[in-house]
Amino acid sequence: MHLQLRRRLTRRLAGCAAALAAALVTTLTAPAVPAAQAATGTTTTAAAAATAGAGYWHTSGRQILDEAGTPVRIAGINWFGFETSNYVPHGLWSRDYKSMIDQMKSLGYNTIRLPYSDDIFKGTTPTSINTSSGMNADLVGLNSLGVMDKLVNYAGSIGMKVILDRHRPDSGGQSALWYTASVPESTWLANLKTIAARYAGNSAVVGIDLHNEPHDPACWGCGDTSTDWRLAAQRGGEAVLSANSKLLIFVEGVQSFNGSSYWWGGNLQGAGQYPVQLSVPNRVVYSAHDYATSVAQQTWFSDPSFPSNMPGVWDKNWGYLFNQNIAPVWVGEFGTTLQSTTDQAWLKALVQYLRPTATYGADSFQWTFWSWNPNSGDTGGILNDDWTTVNTVKDGYLASVKAPGFGSSGGTGTGDVQAPSVPGGLTVSGTTASSVSLSWTASTDNTAVTGYDVYRNGAKVGSPTGTSYTDSGLSAATAYSYTVRAKDAAGNVSAASAAVTATTATGGTGTGSGCSATISLNDWGSGLTATVTVTNTGTAATKGWQVSWTWPTSLQISGGWGANVTRSGQTVTATSLSYNGALAPAASTSFGVQATRTDASASATATAVCTATS
């Protein structure tokens, strides 16, 4: 059923409060946090000693696991401001940042989602930071990224984790797509790499939310590279992982899918059919946003069965990904002023749907509440308008889904945190009907490389100590994609090598068939043509051939000739046509592919693998 969606109102900051804060910034003093108030809402579970969360995290089915494989639950809070023209989290005009973060932890929140805009990569100067009486003294003179470093390191030092949220292209406002005329996709990708690299080795930062609330005309799975958010998320995820392969990639939904509309960023109906696929396995966490009537009225709130209808609404839009064990689901934003009985019923139902920690532990939905700030115009916050006392009613609704904190992490870092260089020159050195042999050039490291991990189609299949490996037990006439990562004694792992595709030989003996393929490029920057020459290297005539190679998803195929060209993720496959499949020994034929480039850094250089039938 097509839902007549009233778009969620843009959350408006309480302008008068911000203006007053700016005027008083030089005279305010830091109010103390009342001990009783700070403790309100902390559950026994949240206060328990941390037993999980060390190191970087990865996914397994619907769960998030820490470095040791222990399930963890994100139970966190949004603290916004970096994405605004203040270029720093709000409230520092009233409080010291350490006091803020200490209070978050004391209330049972274990993770902070920090929204930012791409403006902060321009060296922006934060405004409205109170530095009187020694408050925020170590933030003096820092730019926005310097302040972010301080917040991240302190949160990590007290056992909290941080998710960085690319909230807006600039401080002017939210955008439907991940790019605008003034902030192109290339800038988005470059900045994702920059911030991922900035916190490489600091496991306080567990992941990056690629873009906040994509909405119409953004689509999911439509194939249009200018609007398909799923394809863009793959490009963004690869950018992050190229700089820090250990980070989680948080991918929000869209507004509409197949005529069905939902909250901005909350519609993940297409993710089951069109999943986000990355070169590093076990990194994708899907993220939904969900709100109540204080943000906008929706048809499901007036349904006669409300709130009993809500689990079905959530199942359809994002819950099925968790219920079917497809991937973890993080409700990155949800909130309300709690002024209406409808909103109160909605929040109670949603918290129950997220699964109480006491019953399900970490086998639950992940979440970060919107927001810590009281100056979110259509939701309010956990803090009251004085930026110190707690809205105990609102905080109390969340008590059952809070979760334990984590051990200290990140900060200044000690020991070896430098990953080896990326293995180069990965090539297919041989194939049989049941095996593929690979070789590559050695990586370097500041101490020593201890070995390599070989991945087939995203799953680790071997860990040789040298620079070659033979993967056996494969199916005949089947294409496989491989990457390699280097590792050192400290456990640091490099980013993945460029992928290669190998196709095993056909079964049987005595066919005398074989072929080779070479790729010649005509590249003009924004696009290219690839001419592929296929040669029969066998002793018998071929009846057909198949050529495959790997291209980054930012090279979008726009046409082809002389072959049936298909694509699955990064693997391009071309199959002979009826008139050019038969080749005598040493005979050649050619076909072509045309592609457009959506990322100027995307390389079209590739090694083609050819398989012949006779």
Side-chain angles (χ1 to χ4, degrees), residues 223-225 231 234 277 426-433 436 438 457 474-483 498-507 511-600 602-614:
D224 183 342
T225 56
L231 294 178
Q234 292 182 160
Q277 298 175 315
L426 179 61
T427 58
V428 179
S429 55
T431 60
T432 69
V436 170
L438 305 166
N457 296 340
L474 306 178
S475 300
T478 303
Y480 297 96
S481 178
Y482 291 91
T483 58
V500 297
T501 301
T503 303
T504 51
T506 56
T511 63
S513 63
C515 62
S516 65
T518 58
I519 301 176
S520 176
L521 299 175
N522 177 24
D523 194 326
W524 57 88
S526 61
L528 58 92
T529 58
T531 301
V532 184
T533 301
V534 180
T535 302
N536 183 352
T537 58
T539 58
T542 65
K543 293 182 180 179
W545 44 261
Q546 184 181 84
V547 178
S548 60
W549 67 93
T550 299
W551 266 355
T553 56
S554 49
L555 286 176
Q556 297 294 313
I557 295 175
S558 55
W561 57 93
N564 180 25
V565 180
T566 60
R567 184 169 195 164
S568 175
Q570 296 185 337
T571 301
V572 181
T573 304
T575 306
S576 58
L577 302 177
S578 58
Y579 65 85
N580 63 359
L583 296 175
S588 298
T589 188
S590 63
F591 65 91
V593 178
Q594 183 171 346
T596 57
R597 181 181 276 110
T598 60
D599 179 355
S603 174
T605 303
T607 301
V609 177
C610 185
T611 303
T613 57
S614 63

Non-hydrogen atoms of [X] and [Y] that approach each other most closely:
X	Y	value
C515	V534	CB-CG1, 4.4 Å
T501	A479	CG2-CB, 4.1 Å
S475	T504	O-OG1, 2.5 Å
T542	G581	OG1-O, 2.8 Å
Q277	Q234	N-OE1, 2.9 Å
G562	Y579	CA-OH, 3.6 Å

Query raised in the report: Atom CD1 of I519 and atom OG1 of T607: how far apart are they, to the nearest 0.5 Å?
Result: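 Reported to 0.5 Å precision, the distance equals 7.5 Å.
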Report task. Nearest 0.5 Å please: distance from the CG atom of N536 over to the SG atom of C610. Result ->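 Rounded to the nearest 0.5 Å, the CG-SG separation comes to 8.5 Å.
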Using residues 520-531 as the side-chain source, report each donor-acceptor pair under 3.5 Å to any protein atom, sequence neighbours left out, with the distance given to one decimal.
unit_1 : atom_1 : unit_2 : atom_2 : d
D523   : OD1    : G525   : N      : 2.9
D523   : OD1    : R597   : NH1    : 3.1
D523   : OD2    : R597   : NH2    : 2.9

Can you find a heavy atom in the side chain of [X] that is under 4.5 Å from one in the side chain of [Y]?
X	Y	value
V572	W549	yes
P585	T539	no
T427	V500	no
L438	V428	yes

Under the side chain to side chain contact (heavy atoms under 4.5 Å, CB included) test, which residues partner [X], sequence neighbours left out?
X	answer
A600	none
N580	W545, S576, L577, T589
S588	T533, T535

Report task. List for me each residue that meets side-chain hydrogen bond (donor to acceptor under 3.5 Å, both in side chains) alongside T571, sequence neighbours excluded, and say none if there are none. Result ->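 Per chain and number, T571 pairs via side-chain hydrogen bond (donor to acceptor under 3.5 Å, both in side chains) with no residue.
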Could you give the side-chain donor-acceptor pairs of residues 551-560 under 3.5 Å, partners two or more places apart or in another chain?
unit_1 : atom_1 : unit_2 : atom_2 : d
W551   : NE1    : A604   : O      : 2.9
Q556   : NE2    : T553   : O      : 2.1
S558   : OG     : Q594   : O      : 3.4

